[in-house]
Amino acid sequence: MEFRGYNPKEIEKKWQRKWEEDRVFYVKEEGKKFYLLEMFPYPSGKIHMGHVRNYTIGDAIARYLFMKGYNVLHPMGWDAFGLPAENAAIKHGMHPAVWTKNNIDHMRKQLKSLGLSYDWSREISTCEPSYYRWEQKIFIEMFKRGLAYRKRGLVNWCPDCATVLANEQVEGGVCWRCGSPVTFRELEQWYFKITAYAEELLQGLKTLKGKWPERVLIMQENWIGKSEGAECSFPIENGEGVITVFTTRLDTVYGATFMSLAPEHPLVIKLAEGTPCESAVKNFVDECLRKRLINKETTEKEGVWTGKCCINPFTGWKMPIYVANFVLMEYGTGAVMAVPAHDQRDFEFAKKYGLPIKVVVNPIDKFLKEEDLERAYEEDGILVNSGPFSGLHSAVAREKIAEFIKEKGWGRKMVNYKIKDWGISRQRYWGAPIPVVHCKNCGIQPVKEEDLPVILPENVIISGKGESPLKSVPEFVKTSCPKCGGEAERETDTMDTFVESSWYFLRYASPDEHNAPFDRKRVKYWLPVDLYIGGIEHAVLHLLYARFFVKVLRDLGYIDFDEPFLSLLTQGMVIKDGKKMSKSYGNVVEPDEIIEKYGADTGRLFILFASPPERDLEWSEQGVEGCFRFINRVWRTFFNIINIIKSSNGIKEERHEIMKAFHQTIKRITDEFDSRYHFNTAISGIMEFLNTLTSFLDRKNGKFEPQDIFALKEVAYHLPIILSPFAPYVSEEMWSILKEVDERAKAYPYVSRHPWPSYNPEIIAEEFINIPVQVNGKLRGIIRVKKDEEEEEVFRIAFSDPKIQKYLVEKKILKKVYQKNKILNIVVE
RNA sequence: GCCUGGGUGGCGGAAAAGGUAGACGCAGAGGACUUAAAAUCCUCUUCCGGUUAAACCCGGAGUGCCGGUUCAAGUCCGGCCCCAGGCACCA
């Protein structure tokens with residue numbers, strides 16, 4: 001076989017074409033399925049290293065599972081609606097649809113060059129009417145069930161994106177996309193009732209334990225924010241009604257000495273009206289709202305008296321009603337019973353305004369005195385000064401008092417969640433139209449199913465000025481009412497793009513289905529997703545929404561499972577010079593340039609080798625070069641072996657050193673794929689094997705025994721197979737060369753579709769093993785003994801070793817420890 | 001403030017279950033081949049100290065810090081420090 005140099009450019013193009021022509025990775029619904037999905041990209045223009053990492057990890061696993069005999073669904077598509085398309089339209093005068101399509105075409109080419117094993121026949125793009133049409137249908141069904149509704153309220157507003165944001169899209173007070181500080185607006189908006197599923201979304205997390213990263217589960221749990229407590233009403237003086245609070249600390253109710261209301265609480269102005277406090281209250285409320293609008297919040301507790309009081313029904317005390325800046329209208333009832341002795345915020349407030357502090361819970365081992373308190377005692381303890389409940393433990397008291405208020409009709413036990421309904425209205429053009437019309441007579445009416453999809457009109461003026469651009473298209477807006485046929489106007493808001501990504505994984509099962517969102521039978525076969533891979537940044541946003549959608553679709557009767565993603569792998573970021581790769585840092589490495597210079601195989605190998613998937617990956621050009629050198633070494637060694645084995649048949653010797661080393665390598669790789677996907681160690685295993693192999697070839701110096709030939713034949717056959725999940729192109733090329741000398745290979749046109757080899761444990765099993773010998777815990781020598789040798793004999797060998805003897809001269813042996821086949825420790829004085 | 005990760009050579013990282021710390025790769029040093037360079041191959045490479053012609057020799061220390069459990073700790077327990085991420089007045 002004549003040697004030729006490794007030429008990635010040539011071979012990568014060739015195999016890419018062949019895979020595509022023969023539809024090597026296309027799948028039908030037959031056999032044991034595995035649905036492997038990577039988060040689909042937003043078509044921003046070109047792929048970045050983060051994408052390459054995400055898809056390379058997924059591809060290695062998909063290829064392994066293919067070879068293991070699974071019927072692997074491994075699809076790719078485009079999260080194609082979104083703001084950047086509109087911004088590009090404003091900037092370059094290009095229509096968002098054209099901009100998006102161009103980007104998709106370019107990025108598809110880039111992905112293909114990476115050698116990813118996708119079933120491209122299932123490609124979807126969410127901006128196509130054939131996709132969003134079904135989203136509109138689902139919306140209408142949700143609307144009919146009250147799961148999609150419209151309400152007026154204070155919403156998050158990004159002044160830069162000129163649109164509304166969901167709570168999940170506000171990160172630390174700034175917009176998740178552009179980073180501008182978020183302000184508030186009072187608007188009428190569409191919402192999805194995710195709160196109706198709060199408890200189930202929380203409970204479902206338990207079923208994902210061990211299969212999703214712990215931190216993602218915790219982040220979702222915190223986001224849902226369940227707390228168990230009680231609702232309790234306090235009558236306002238002079239019979240002006242009641243104030244209802246939510247509390248988790250009903251055991252401290254005897255210590256409630258005043259009441260705090262949120263600035264937006266509807267009672268605030270009413271209570272203050274006509275009292276001397278009226279103008280102070282109004283000023284305070286205005287100032288609070290203004291501060292919120294410009295996002296200037298302080299931790300300093302401030303408030304003013306409304307001029308009114310309510311009564312603590314337990315003690316009969318008058319509780320002054322305050323309006324306070326730290327009380328949130330969005331949580332609970334917007335009113336808090338203040339217990340300064342047992343809540344730090346109330347404590348600070350009480351100290352500032354001279355309000356009474358009363359201890360009603362003591363720690364188990366001491367008595368607290370109000371005058372000594374430096375901060376609130378917030379732990380549970382034993383109740384005091386609490387009427388009939390004194391002496392009870394907090395936990396018991398909470399139950400008893402809850403029963404008591406229920407009997408009295410003052411309140412009841414209650415559960416509260418932090419999660420809010422998902423605001424999905426966006427005042428933007430490039431999104432799926434919300435399929436309803438507004439009729440003067442009939443109100444809000446869903447579009448008739450046969451009239452779907454409501455297609456986005458093409459001729460739109462996109463100003464980016466905050467009003468939905470669709471309002472500027474009269475032929476779109478003007479329509480007739482689906483109910484009465486009279487004049488009506490279409491809804492001009494579009495849906496949040498997170499709605500598309502909440503169900504796209506279902507569409508891949510049957511992307512060609514024209515009569516329904518998806519074909520139930522095929523969805524039943526493929527879904528749920530067995531392994532989902534993507535960035536941690538979607539821990540709450542996308543992953544929570546998708547879980548919600550699956551539960552909704554289940555309740556709408558479409559599917560019969562509860563969770564979309566059985567297991568989740570979150571990969572780390574790609575870092576360069578210690579910082580995230582980004583344009584603003586100027587440290588971006590273009591995937592295309594790496595492919596051009598070294599080939600996709602090298603890029604893939606480096607990404608998998610540089611660090612385990614879940615950790616951040618430090619980009620290193622020299623590291624890439626190292627991987628390129630490794631592939632070249634494999635290539636040369638492979639030619640070398642081919643030339644050795646082509647003439648002779650060899651004789652089988654299972655325990656040949658090379659066979660042994662090779663089977664160990666197979667085991668190492670297989671174990672990684674079957675457990676934790678740490679490909680860095682799997683690849684280092686292949687490197688180690690290659691080191692062993694080359695030093696063996698060197699040592700033999702061209703003189704090979706028939707046993708050697710047999711072993712090398714095995715290596716030549718299996719090396720392309722085990723390398724193929726990581727570096728598929730060069731593996732295919734090696735396979736095609738192998739075919740010229742090994743008949744067996746001819747049965748498989750593609751190494752990508754060759755069954756994964758199993759290793760033989762008997763070959764790996766060692767007859768003799770090395771046992772490290774320690775004296776007083778320090779390594780002093782290594783002895784070689786038969787595997788499973790008797791303890792007595794092992795010690796005999798150790799004691800007769802001169803190296804070890806040296807440390808035992810004239811020492812009294814206190815203890816001897818032997819861990820079978822592992823280690824030996826001799827303790828001396 | 002609370003919750004999660006994480007801290008191991010010059011660097012990326014190994015050590016999956018308490019048992020030889022530093023696999024593999026990068027960078028570095030030396031050597032072989034070559035007129036030369038590139039490429040390739042070989043050797044060395046945690047730190048400190050000692051013997052020595054040189055050491056593949058000897059001794060000691062070492063996985064953020066302090067302490068503990070154990071024959072044995074990067075790994076387990078307690079207390080702290082630092083870094084990254086998430087949540088952040090949630091009653």
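Note on naming: letters A, B, ... go to the chains in the order of the sequence lines (proteins, then strands), and numbering restarts at 1 for each one. FYI, side chains are in, hydrogens and waters are out, and symmetry mates aren't considered; it's all heavy atoms of this structure.
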- Query: Quick one: which of B:A14, B:C26, B:U20 gets closest to the side chain of A:Q622?
  - Reply: B:C26

- Query: For A:N222 and B:C2, is the shortest distance between a side-chain N/O and OP1 or OP2 below 4.0 Å?
  - Reply: no

- Go through B:A16, B:G19, B:G60 for me and flag the one nearest to the A:S675 side chain. B:A16

- Task: Please state whether the rings of A:F628 and A:Y6 are parallel, tilted or perpendicular, taking 30° and 60° as the class boundaries.
- Result: tilted

- Tell me whether the OP1 or OP2 atom of B:U70 has a side-chain N or O from A:N825 closer than 4.0 Å. no

- Message: Between B:G62 and B:U46, how far apart are the two C1' atoms, rounded to whole Å?
- Response: 8 Å

- Could you state the atom-to-atom distance from CZ of A:F679 to C1' of B:G13 in whole Å? 16 Å

- Query: Are A:R547 and A:Q220 linked by a side-chain donor-acceptor pair shorter than 3.5 Å?
  - Reply: yes

- Task: Looking only at non-hydrogen atoms, find the nearest pair between A:K358 and A:Y254 and report the distance.
- Result: NZ-O, 3.0 Å

- Item | Within 45° cone and under 6.0 Å: A:K787 NZ/CZ vs A:F768 ring | no

- With syn defined as a glycosidic torsion within 90 degrees of 0 and anti otherwise, which applies to B:G9? syn

- Message: In dot-bracket form, 5' to 3', how is RNA chain B paired? Count Watson-Crick and G-U wobble pairs only if both distances fall under 3.5 Å, and write | where the partner sits on another strand.
- Response: (((((((..(((......[....))).(((((.......))))).(((((......)))))..(((((..]....))))))))))))....

- Message: Can you check the distance between B:G74 and B:G22, where both ends of the measurement are the C1' atom (answer in whole Å)?
- Response: 11 Å

- For atom CD of A:Q344 and atom P of B:C2, their distance in whole Å: 13 Å

- Select one nucleotide: of B:A91, B:G13, B:G12, the one nearest the side-chain heavy atoms of A:F609. B:G12

- Spell out, as yes or no, whether a donor-acceptor pair under 3.5 Å connects the side chain of A:N587 to the backbone of A:D577. no

- Return yes if the base of B:C89 and the side-chain atoms of A:K301 contain a donor-acceptor N/O pair under 3.5 Å, otherwise no. yes

- Assign A:T694 to base, sugar-phosphate, or nothing according to its heavy-atom contacts below 4.0 angstrom with the strands shown. nothing

- Modelled atom types, side-chain donor and acceptor of A:Y331 and A:S227, under 3.5 Å: yes

- Item | Non-hydrogen atoms of A:L201 and A:I194 that approach each other most closely | CD1-CG1, 3.8 Å

- Are any of A:S227's side-chain N or O atoms less than 4.0 Å away from OP1 or OP2 of B:A91? yes

- Closest nucleotide among B:C71, B:A88, B:G25 to the A:V817 side chain: B:C71

- Out of B:A91, B:A15, B:G19, whichever nucleotide has its closest atom nearest the side chain of A:K822: B:G19

- Of the listed B:U20, B:C90, B:A14, the closest approach to the A:R345 side chain comes from B:C90

- Message: Is the ring pair A:H538/A:H542 parallel, tilted or perpendicular, if the boundaries are 30 and 60 degrees?
- Response: perpendicular

- Message: In terms of relative ring orientation, are A:F326 and A:F349 parallel, tilted or perpendicular, with 30° and 60° separating the classes?
- Response: perpendicular

- Non-hydrogen side-chain atoms of A:P266 and A:M329 separated by less than 4.5 Å: yes

- Message: Quick check on B:G6: is either OP1 or OP2 less than 4.0 Å from any side-chain nitrogen or oxygen of A:R215?
- Response: no

- Item | B:C65 and B:C11, which share atom name P, separated by this distance in whole Å | 15 Å

- Choose from B:U4, B:C58, B:U20 the nucleotide whose nearest atom is closest to any side-chain atom of A:Y807. B:C58

- Message: Within residues 624-637 of chain A, which residues have any heavy atom lying less than 4.0 Å from an atom of RNA chain B?
- Response: A:G626, A:R629, A:R633, A:R636

